[in-house]
Amino acid sequence: MTTPKAYNPADIESKWQAKWDADGLYHSNIDPKRPKHYALTMLPYPSGDLHIGHWYAMTPSDSRARYMRMKGYNVLFPMGFDAFGLPAENAAIKSGIHPMVRTRDNIERMRKQLRSMGAMFDWRREMVSSEPEYYRWTEWFFIQLYKAGLAYRKMSPVDFCPNCNTTLAREQVWGDDRHCERCGTPVIKKDLNQWFFKTTRYADELLSYEGIDWPERVKTLQTNWIGRSEGASVIFKIAPAPDSPPISGNGGGEGGVEVFTTRPDTLWGATFMVFSPEHPLVDEITAPEHKAEVDAYKQQAARQSDIEREAVDKEKTGVFTGGYAINPVNGERIPIWIADYVLMSYGTGAIMAVPAHDERDFAFARKFGLKVIPVIQPEDMPALDGDTMDVATTGAGRMINSGPFNGTAVTEDKGRKNPGISAVIDWLAEKGIGREAVNYRYRDWLISRQRYWGAPIPMIHCETHGWSPVPDDQLPVTLPEDVEWKPTGESPLKLHPTWKNTTCPVCGAPAERETDTMDTFMCSSWYHLRYLSPWHDQGPFDENEYNYWMPVDTYTGGIEHATMHLLYTRFFHKALRDMGITEGHEPMLQLRNQGMVLGEDNEKMSKSRGNVIAPDVLVGRYGADTVRAYLMFFARWDMGAPWDSQGIEGSARWVRRVWTLFTDEVRQGAPTPETLRNLRRKVHQTLKRVTRDFDTFEFNTIISSLMELLNEMVRAREAGAAGSAEWTEAVDIYLRMMAPVTPHIAEELWTNVLGKPYSIHTQAWPRVDEAAAREDELTLAVQVNGKVRDRVTVPADADDETVKAAALAAEGVVRALEGQPPKKVIVVKGKLVSIVM
RNA sequence: GCCGAAGUGGCGGAACAGGCAGACGCGCACGACUCAAAAUCGUGUUCCGUAAGGAGUGUGGGUUCGAUUCCCACCUUCGGCACCA
C-alpha cells in the first residue's frame, strides 16, 4: 500500500503510458478463441497540432473500444495519418519547406499528442498514406480498378487561376465574384482530360443499406446524394433552319437531342426546350442573328458557381437561340432556349419544358412570354386555361390535350407505379421515340489532381499503344523529391526534367508517365485495410488478418463525411468485392457520428476567429483523464456543443474526489445494514446504466451516473461503510467502470493504491446483480386530476389494492378530494397513482 | 426554396415503452475551515408568491386520467444542398 498523496496527473499519466507501451498492453493480435471487435475512428490529417475536435472524436471512441475489450472482445483500435493533400503543398509554396518534411514533422508532433491521450491505439499498425509503403498499394488499387473497367478518361472543367497559373480547389475560390484566394484574379474554367472512376455503376447497390447499422440521417443524406429518379428518355429532333447544314445530334441519332424526364405523361404540354449554356449543340443550333446574345449569356453563366446558378430565389434568366425542335409526340415546332438553371452535369444537359406543370418552367414561360398548354386536369379544379393560370399544377389528374391519352388517370406516384406515366412509356417505346430510363444525380468520381503532394496515378502513355498501367514489379511509382512546386500551370511532376520519361510496358518505346496525382479520398477509401498489416509487402493486406478482423464493427467520425468519404469507401469495397479482393457487401457494419465542438463564442473554431481550444494546454493543467471525462460529459456526443472552459472544473473535481475517497485512510465504522444495502443497490443500478450507455454511445450519462455513485459512496463512508465487504465490492466495480473513461487514474488506484493485479485494463467488465439492484420499496406520486397532491411509500411488491388504499388515505389526497368519492383510480405499476374526480 | 437535426432553468444537459420535469455538472448565494485567499467541505438554487398556492419543456391547437414524449399547424436556430427536369 502506498501512503496517501496528492493527485498528480502528470506523474501518473506519463508513468503508466510508458509502462503500457513497454508491456505492449495494447497490441492486438489474432486470437481465434476470442470474438473480435474492429473499432475504427476516422484518421486525422496531419495539420500540425491535435485539435480539441480530434479529442472529442477519439476519446469516447477509445473509451468504447476499452469497454468492448473488458467485455471480452479481442479489440483492434488503430490510428494513422491521412497525409497527402493541399495544405502541405500550399505551405511549401509559401515557405519553401518540402511537403514531405513538413508532413513528417507534423506527424511526429501529433503522435506525441495522441499518446498523451492515453488511448489504446496499437501503434505497430500505424499507417501513413504519404509513405511509399502505403501509396504503393493505393497505386495498385488504381490499376485493379482500371483493369476492371472502372477507370476512364474524360474532358472535364476545372477552376483555374490564370495569374497563379494553377488549378484551384473549391476552397481556394473566394467571394461572389469567384476570385483566386491567393492573388484575387477572377477564376476561369479550363477543360482538362482527367481520370474518373465509374462510381455510378454501383449507384443502385449503394442505395441499399441492408445489414448495416448506420444512422438514418446518414442514410438519408446518401440516398439524396445519389438522387435516383425514374422516368423516360425521349429524343427531340432538331428542326433544321431552311438553309443550314444538317445538325449532328447528341446521343439521339441523326439530328436529335436526348432528354430525360420524370414526367413523360406531360410530353404533350412541352412547349419549348431549355439547354444548358454548355450544351455541345448550342453553337450549331444558334441562328446567326442570336449568336452575339447567346455567346454573351454563355460567358456570364460560366463565371458563376453551381451554387449561384442553383439559387432558388434567383430571377430566371435565359436567351432564345433562334433554333427549334420538334416535339415527337405531336410534331409541334418548339423554340430552344438556353438558361443557367439547366446544368450540364445533371441528366443530359437539356430539358423539355412543360410550363403548365412545372414551377420553374412556368416562371420561365411567363417571364419570356412562352406558350403554356395544360395537359393534366386536376379532378377538383375548374378547367385549366394556359393563358390565365397563375401557378403550375404538379399533382394528380386526368390527361387532356394529349391525343390518344386523353382521359388517362395520372396519380401522384413516381415512375412505373403511376398508370399515366407507365402507359406513356410503353407507347413511346413502341413508337421508337423514347424508352424507360433511370437518372441519377450521382456523378462518376473525378480522381485527377494537378498537384504534387498526392499518390501518383500509375499509368504510362505510349504514342502507339495508348494508356497502360505500370507493371506490378515497378510499383510504387515514387514521387521525386526534387520538384518545383511553385505554380506553373502544369502538374509539378510534368515539369520535372526526367521523372515522366519511361518506356511503354507493351513495346518498350519511350513513353510518358501520367503526371497528375490522385484525390486523397482514394487514400482514405482503404486505410482500414492497411491497418490490418502495415508490415505486409506482398499485397495491400495479409489475408489472415483480413479474415480475422474484417469487417469493421464500429466506425466513428464526423457527420461531414456522410456523402463523400463514406460513399467512396463503400464503392471501393464493393468494387474490390467484385474482383474477389474483399468479402461481404459492406466495409463498416455500424456507424456512429459525433457532433461538433464549437468555440466558446458559439462559432466554429478557427485560427482566424481566435477561439481554438488546445488540448495540450488542458492536459497540462488538468491531466488527460479529466479532459477525457469532460469531453464525454459536457454534451451529447452526437450533438456537440460550444466549449465551456469553466465546466471542465466539474470533471476535474470529480476525478480529484475519486482520488481522495480511494486514497484516504480507511476508518472502519459500524454501518447499519440499511446503509450497506443501499450502497450495494446503488452500485449495481449504476453498473446497469453505465453498461447500457456504453452499448448505446450515450457517454454523457455514463459520467453523471459515476458522479452520482461517488456521492452515494461518500455518504456511505461517512456512515461507516468503509472496510465492509460491500465497500470493497463498490470500490472494485467503481474502478472497473472508470477504467475505459479515465485509464490512468484507474490503473494507479487499482494497481498501486489497492494493490490489485496489473492491469485494470485486462480485467473483465463486472456483472450486474439484479437482486441487489432491485428496490425494496417505492415512493409513488399520487395525482388528483393530473396534479401531484401527495406521495406514498409502499413495498415494491405491493399489489394494486394496497397501493390504491395507501394513495386514497394520503393526507394531500384527502384534502384534494374534499370528501367526494373518486370517479376512477389508475395505478401505474412502480410509477404513480392517478385519481380522477 | 428544399432536405436533415434541434428548441427544456443564468449555462451544458437528464428524464430510454405516454407516468413525480429539471438527474449530474457549471455558475451563483450563504455557511464551515482559514489572519486572508485558493483548495476543500456543507446548504440552497425553474419562475411568480412571505405563505398557502399557481405557472412552466419554442408558439397555438388536438388525443389522453395523464404529453418534454404521440398527432396537426406555425415560429426560430443550426447543418447540408440538388432550381434534379
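First the proteins, then the strands, lettered A, B, ... as listed; each starts at 1.
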Novice: Go through the structure and list residues passing side-chain contact (heavy atoms from CB on, under 4.5 Å) with Glu777(A), not counting sequence neighbours.
Specialist: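 Only Thr793(A) meet the side-chain contact (heavy atoms from CB on, under 4.5 Å) criterion with Glu777(A).
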
Novice: Taking the basic N atoms (NZ, or NE/NH1/NH2) and the acidic carboxylate oxygens, is any pair closer than 4.0 Å for Arg435(A) and Glu258(A)?
Specialist: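 Result for this pair is yes, salt bridge flagged.
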
Novice: Quote, to the nearest angstrom, the C1' distance that separates G10(B) from G27(B).
Specialist: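 One C1' to the other, the span is 8 Å.
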
Novice: Does anything in residues 698-707 of chain A form a salt bridge (charged side-chain N to carboxylate O under 4.0 Å, His left out)? List the pairs, not counting sequence neighbours.
Specialist: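 Every pair satisfying salt bridge (charged side-chain N to carboxylate O under 4.0 Å, His left out) with a residue in residues 698-707 of chain A: there are none.
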
Novice: How far does the C1' atom of C35(B) sit from the matching atom of A23(B), given to the nearest Å?
Specialist: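 Result for the C1' pair: 41 Å, nearest Å.
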
Novice: List, one per line, each side-chain donor-acceptor pair under 3.5 Å for residues 351-363 of chain A, sequence neighbours excluded.
Specialist:
| unit_1 | atom_1 | unit_2 | atom_2 | d |
| --- | --- | --- | --- | --- |
| His357(A) | ND1 | Thr393(A) | O | 2.9 |
| His357(A) | ND1 | Thr393(A) | OG1 | 3.0 |
| His357(A) | NE2 | Val375(A) | N | 2.9 |
| His357(A) | NE2 | Ile376(A) | N | 3.1 |
| Asp358(A) | OD1 | Arg360(A) | N | 2.9 |
| Asp358(A) | OD1 | Arg360(A) | NE | 3.4 |
| Asp358(A) | OD1 | Arg360(A) | NH2 | 3.2 |
| Asp358(A) | OD1 | Asp361(A) | N | 3.0 |
| Asp358(A) | OD2 | Arg360(A) | NH2 | 2.5 |
| Asp361(A) | OD1 | Tyr341(A) | OH | 3.0 |
| Asp361(A) | OD2 | Val354(A) | N | 3.0 |

Novice: In terms of the nearest nucleotide of RNA chain B, which residue is placed more toward the 5' end: Ala350(A) or Glu216(A)?
Specialist: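 It is Glu216(A), whose closest nucleotide lies nearer the 5' terminus.
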
Novice: For Phe521(A), give me all partners under ring-ring contact (aromatic ring centres under 6.0 Å, His included), at least two apart in sequence or on another chain.
Specialist: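 Phe521(A): ring-ring contact (aromatic ring centres under 6.0 Å, His included) contacts with Tyr568(A).
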
Novice: Could you walk me through whether Ile336(A) and Met273(A) pass side-chain contact (heavy atoms from CB on, under 4.5 Å), step by step?
Specialist: CA-CA 5 Å; Ile336(A) 300 172; Met273(A) 291 188 83; 4.2 Å; yes

Novice: Please list each protein N or O that sits under 3.5 Å from an N or O in nucleotides 66-73 of chain B, with the distance.
Specialist:
none

Novice: Can you tell me if NZ on Lys367(A) sees more than 12 non-hydrogen neighbours from other groups inside 6.0 Å?
Specialist: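 Check passes, neighbour count above 12.
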
Novice: For nucleotides A5(B) and G9(B), find the distance between their P atoms and express it as a whole number of Å.
Specialist: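 Here A5(B) and G9(B) have their P atoms 22 Å from each other.
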
Novice: Answer yes or no: does a side-chain N or O of Asn711(A) lie under 4.0 Å from OP1 or OP2 of A23(B)?
Specialist: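 Answer is no, no contact under 4.0 Å.
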
Novice: State the syn/anti category of G9(B) according to its glycosidic angle, syn meaning within 90° of 0.
Specialist: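 That one's syn.
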
Novice: Take atom CG of Asp638(A) and atom P of A14(B), then tell me their distance rounded to the nearest Å.
Specialist: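 After rounding, the gap between these two atoms is 9 Å.
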
Novice: Rounded to the nearest Å, what distance is computed from the CD1 atom of residue Ile351(A) to the P atom of nucleotide A85(B)?
Specialist: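 Computing the Ile351(A):CD1 to A85(B):P distance gives 11 Å.
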
Novice: Which heavy atom of Leu832(A) sits nearest to which heavy atom of Ala781(A), and what is that distance?
Specialist: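 What the structure gives for the nearest pair is CB-O, 3.1 Å.
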
Novice: From A14(B), A85(B), C65(B), pick the nucleotide closest to the side chain of Thr701(A)?
Specialist: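 Nucleotide nearest to Thr701(A)'s side chain: A14(B).
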
Novice: For Lys688(A) and Glu770(A): C-alpha separation, side-chain torsions, deciding distance, then whether salt bridge (charged side-chain N to carboxylate O under 4.0 Å, His left out) applies.
Specialist: CA-CA 9 Å; Lys688(A) 202 172 170 175; Glu770(A) 292 288 352; 3.0 Å; yes

Novice: Consider the side chain of Lys824(A), meaning its heavy atoms from C-beta on, and name the nucleotide among G19(B), A21(B), C65(B) that approaches it most closely.
Specialist: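 Nearest listed nucleotide: C65(B).
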
Novice: List in numerical order all residues of residues 645-653 of chain A for which some heavy atom is under 4.0 Å away from an atom belonging to RNA chain B.
Specialist: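 Gln646(A), Gly647(A), Gly650(A), Arg653(A) - these, ordered by number, are the residues of the stretch whose heavy atoms sit under 4.0 Å from the strand.
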
Novice: Could you run through RNA chain B and flag its stems, i.e. three or more consecutive Watson-Crick or G-U pairs with both distances under 3.5 Å?
Specialist: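 Ordered by first number, the stems with RNA chain B (at least 3 consecutive pairs each) read B:1-7 with B:75-81, B:10-12 with B:24-26, B:27-32 with B:40-45, B:46-48 with B:53-55, B:58-62 with B:70-74.
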
Novice: Using heavy atoms to find the nearest nucleotide of RNA chain B for Thr261(A) and Ala781(A) separately, return the residue whose nucleotide is more 5′.
Specialist: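 It is Ala781(A) whose nearest nucleotide is closer to the 5' end.
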
Novice: Among residues at least two apart in sequence or on other chains, which ones pass side-chain contact (heavy atoms from CB on, under 4.5 Å) with Glu801(A)?
Specialist: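 Partners of Glu801(A) by the side-chain contact (heavy atoms from CB on, under 4.5 Å) criterion, ordered by chain and then number, come out as Asp799(A), Lys804(A).
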
Novice: If I take atom CG in residue Leu710(A) and atom C1' in nucleotide U40(B), what distance separates them, rounded to the nearest angstrom?
Specialist: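 Atom-to-atom, Leu710(A) to U40(B), this comes out as 14 Å.
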
Novice: Under the rule for side chain to side chain donor-acceptor pair (under 3.5 Å), what residues qualify as partners of Trp225(A), not counting sequence neighbours?
Specialist: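 Expected list: none.
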
Novice: Quickly work out the Arg692(A) CZ to A14(B) C1' distance and round it to whole Å.
Specialist: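 Nearest whole value for this atom pair: 11 Å.
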
Novice: OP1, OP2 of A85(B) versus side-chain N and O of Tyr346(A): anything below 4.0 Å?
Specialist: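 Tyr346(A) to A85(B) OP1/OP2: side-chain N or O found under 4.0 Å.
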
Novice: Quick one: does NZ or CZ of Arg592(A) land under 6.0 Å from the six-membered ring centre of Phe697(A), within 45 degrees of the ring axis?
Specialist: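 Yes, a cation-pi geometry holds between Arg592(A) and Phe697(A).
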
Novice: Can you identify which nucleotide, out of G19(B), G4(B), C24(B), has its nearest atom closest to the Leu832(A) side chain?
Specialist: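 Selected nucleotide (nearest to the side chain): G19(B).
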
Novice: Atom CZ of residue position Arg416(A) - does it have more than 12 heavy atoms of other residues, nucleotides or ligands inside 6.0 Å?
Specialist: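 Yes.
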
Novice: Looking at every heavy atom in both Ile338(A) and Val274(A), which two are closest together, and how far apart are they?
Specialist: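 In terms of heavy atoms, the two residues are closest at C-CG1, 4.1 Å.
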
Novice: Which nucleotide wins on minimum distance to the side chain of Arg217(A), given the candidates G19(B), C16(B), G4(B)?
Specialist: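 Comparing G19(B), C16(B), G4(B) against the side chain of Arg217(A), the answer is G4(B).
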
Novice: For nucleotides A51(B) and C47(B), find the distance between their P atoms and express it as a whole number of Å.
Specialist: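 Pairwise P distance, A51(B) against C47(B), rounds to 12 Å.
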
Novice: Establish, with yes or no, whether the OP1 or OP2 oxygen of U40(B) is under 4.0 angstrom from a side-chain nitrogen or oxygen of Arg656(A).
Specialist: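 The answer is yes; a side-chain N or O of Arg656(A) sits under 4.0 Å from OP1 or OP2.
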
Novice: Between C16(B) atom P and Trp637(A) atom CH2, what is the distance in whole Å?
Specialist: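 That distance rounds to 22 Å.
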
Novice: What protein N or O atoms touch nucleotides 48-57 of chain B N or O atoms at under 3.5 angstrom, if any, and at what distances?
Specialist:
| unit_1 | atom_1 | unit_2 | atom_2 | d |
| --- | --- | --- | --- | --- |
| G53(B) | OP1 | Arg815(A) | NH1 | 3.4 |
| A55(B) | OP2 | Lys787(A) | NZ | 3.3 |

Novice: Please give, in whole Å, the distance from U40(B) P to Leu661(A) CG?
Specialist: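 Going from CG in Leu661(A) over to P in U40(B) covers 15 Å.
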
Novice: How close or far is atom P of C81(B) from atom NE2 of His561(A), stated in whole angstroms?
Specialist: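 It works out to 13 Å between those atoms.
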
Novice: Dump the pairs, protein N or O against N or O of nucleotides 8-13 of chain B, anything under 3.5 Å, distances to one decimal.
Specialist:
| unit_1 | atom_1 | unit_2 | atom_2 | d |
| --- | --- | --- | --- | --- |
| G12(B) | O2' | Phe634(A) | O | 2.2 |
| G13(B) | O3' | Asn700(A) | ND2 | 3.1 |

Novice: For Glu698(A), report the nucleic acid contact type (base, sugar-phosphate, nothing); a contact means any heavy atom under 4.0 Å.
Specialist: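 Base: the residue Glu698(A), judged by heavy atoms under 4.0 Å, touches a nucleobase.
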
Novice: Return the CG to CD1 distance between Leu567(A) and Ile226(A), rounded to the nearest 0.5 Å.
Specialist: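 One gets 5.0 Å once the value is rounded to the nearest 0.5 Å.
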
Novice: Using a strict cut-off of less than 4.0 Å between a Lys/Arg side-chain nitrogen and an Asp/Glu carboxylate oxygen, indicate whether Glu216(A) and Lys219(A) qualify as a salt bridge.
Specialist: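 Counted as a salt bridge, because a side-chain N and a carboxylate O are separated by less than 4.0 Å.
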
Novice: Can you tell me how far P of A23(B) sits from CE of Met707(A), to the nearest Å?
Specialist: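 Distance, rounded to whole Å: 14 Å.
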
Novice: Over 60° means perpendicular and under 30° means parallel, so tell me whether Trp659(A) and Tyr7(A) are parallel, tilted or perpendicular.
Specialist: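 Taking Tyr7(A) first and then Trp659(A), their aromatic rings sit tilted (interplane angle of 30° to 60°).
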
Novice: Go through the structure and list residues passing side-chain contact (heavy atoms from CB on, under 4.5 Å) with Met42(A), not counting sequence neighbours.
Specialist: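 Met42(A) satisfies side-chain contact (heavy atoms from CB on, under 4.5 Å) with Tyr527(A), Tyr555(A), His561(A), His565(A), Leu566(A) only.
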
